[in-house]
Amino acid sequence: MPELPEVETVRRSLETLTVGRRIDRVDVRLLRIVRRPNPVEFMARMQGARIEAVSRRGKYLLFDLGHDVLIVHLRMEGRFGFYAAADPILMHTHVIFHFKEDMDLRYQDVRQFGTMDLLAKSDLEKFIPLSSLGLEPLDAHFTSAYLKEKLRTRRAPIKAVLLDQSVVAGLGNIYVDEILFAAQIHPERMASKLSMKDLTRIVDASVEVIQHAIQLGGSSIKSYVNGYGQPGSFQYALRVYGRQGQACLRCGSTIYKGRVAGRGTHVCLSCQKAPRAATIR
DNA sequence: CGCCAAGTCCGGGAGC
DNA sequence: TGCTCCCGGACTTGGC
């Protein structure tokens, strides 16, 4: 479940491990991972390319290859590992980037949900999933005024809207629950009805939670590790996610788990006051 | 054994 | 009427 803090942590590790290296050969072992171009062209175009930089936008990783850019989405369980070329190939290894120095960058994904897109840098704006992303939560322009405008017409519950990548880029199920708990806002509040004060609380909570999570290298709930194979430690700092049945760290009442926007949703019903129409109350 | 978990896309349907 | 918005299903497979 890599969300922004996990993807950012992976980015930092891959930056150290791969920038400046030249790709000798790419081996696509599971075709569905590569969405475009076709796998033959994908492998051919990357051969000989040098990794100039590794950046991130929302939950997407971007490998700058000079003329082209490789865009990777890890979805739920995608991960990268750095190996000696002679190391045994583990299960669920779907794409291998071989470097000159007998080192490999390997993409592993039990769920096979992750995606790779290779495009010319000049076509980057045409890549809809990327070009339609909203602001990063740590962007200075991510403010209550920005959210007010974005949420003006949105009648969906605030949780669904914060999961919408065109509103804020990089939040997923874990951090939205954490942010709404920190902001003391019920996930089923209608987005368009939130006051500027509410929105300010959401912005402040977003910055605080996401910064803290990056500091701790992300949350390793299930399988997440960075490019060095190291887990994060923010799972120990989670205040509401996965704590159903336990005491609220703020008020002591019991954390409840329900369902909002089709997602498992954790709330403290004392700290996060339910609106009249709420199903979790 | 059947359900759940995750993020995104897509189609159908609701609502303004 | 036409558009925007919302929700649920599909994708996948391991774990409970």
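Side-chain contact of A/Glu6 with A/Tyr175: a donor-acceptor pair under 3.5 Å is present, judged by distance alone. A side-chain donor-acceptor contact under 3.5 Å links A/Thr265 and A/Lys159.
Aromatic pair A/His212/A/Phe234: centroids less than 6.0 angstrom apart.
Contact annotation: A/Arg259 side-chain N/O to B/dA5 OP1/OP2 distance is under 4.0 Å. OP1 or OP2 of B/dC16 lies within a sub-4.0 Å distance of a side-chain N or O belonging to A/Arg155. At least one side-chain nitrogen or oxygen of A/Gln165 sits closer than 4.0 Å to the OP1 or OP2 atom of B/dT8. Considering only side-chain N and O atoms, A/Thr115 lies nowhere under 4.0 angstrom from the phosphate OP1 or OP2 of B/dT8. Considering only side-chain N and O atoms, A/His73 lies under 4.0 angstrom from the phosphate OP1 or OP2 of B/dT8.
Residue contacts for A/Lys159: at a heavy-atom cut-off of 4.0 Å it reaches no nucleic acid atom on any strand shown. Residue A/Tyr241 is classed as a sugar-phosphate contact, given heavy-atom separations below 4.0 Å to backbone atoms only. If you check every strand for non-hydrogen atoms under 4.0 Å, A/Pro129 touches sugar and phosphate atoms only.
Separating the CD atom of A/Glu188 from the C1' atom of C/dC7 is a distance of 14 Å, rounded to the nearest angstrom. Across the protein-nucleic acid pair, A/Leu171 atom CG and B/dT8 atom P stand 10 Å apart, rounded to whole Å. Distance A/Asp177 CG to B/dG7 P: 10 Å, rounded to the nearest Å. A/Arg152 places its CZ atom 12 Å from the C1' atom of C/dT4, with the value rounded to the nearest Å. Atom CZ in A/Arg75 sits about 17 Å away from atom P in C/dA10, given to the nearest Å. Straight-line distance from the CD atom of A/Glu77 to the C1' atom of B/dT8: 16 Å, rounded to whole Å. The nearest whole Å value for the distance from the OH atom in A/Tyr224 to the P atom in C/dG14 is 23 Å. In this structure, A/Asp109 atom CG and C/dC11 atom C1' are separated by 12 Å, rounded to whole Å.
The pair A/Asp104-A/Arg106 meets the salt-bridge criterion, with a side-chain N (NZ, NE, NH1 or NH2) lying under 4.0 Å from an Asp/Glu carboxylate O.
Comparing C/dC11, C/dC5, C/dG14 by their nearest atom to the side chain of A/Arg154 picks out C/dC5. Comparing B/dC9, C/dC5, C/dC7 against the side chain of A/Tyr60 picks out B/dC9 as the nearest. The side chain of A/Lys257 sits closest to B/dA5 out of B/dA5, B/dC9, B/dG7. Considering only side-chain atoms of A/Lys59, the nucleotide from B/dG7, C/dG14, C/dC7 that sits closest is B/dG7.
Between A/Phe97 and A/Phe63, the two ring planes are parallel [angle under 30°; tilted spans 30° to 60°].
Both A/Arg263 and A/Gln112 sit near DNA chain C, but only A/Arg263 has its closest nucleotide nearer the 5' end. Residue-to-nucleotide proximity on DNA chain B shows that, of A/Leu163 and A/Gly262, the 5′-proximal contact is made by A/Gly262.
At least one test fails for A/Arg239 against the ring of A/Phe181: distance under 6.0 Å to the centre or angle within 45° of the axis.
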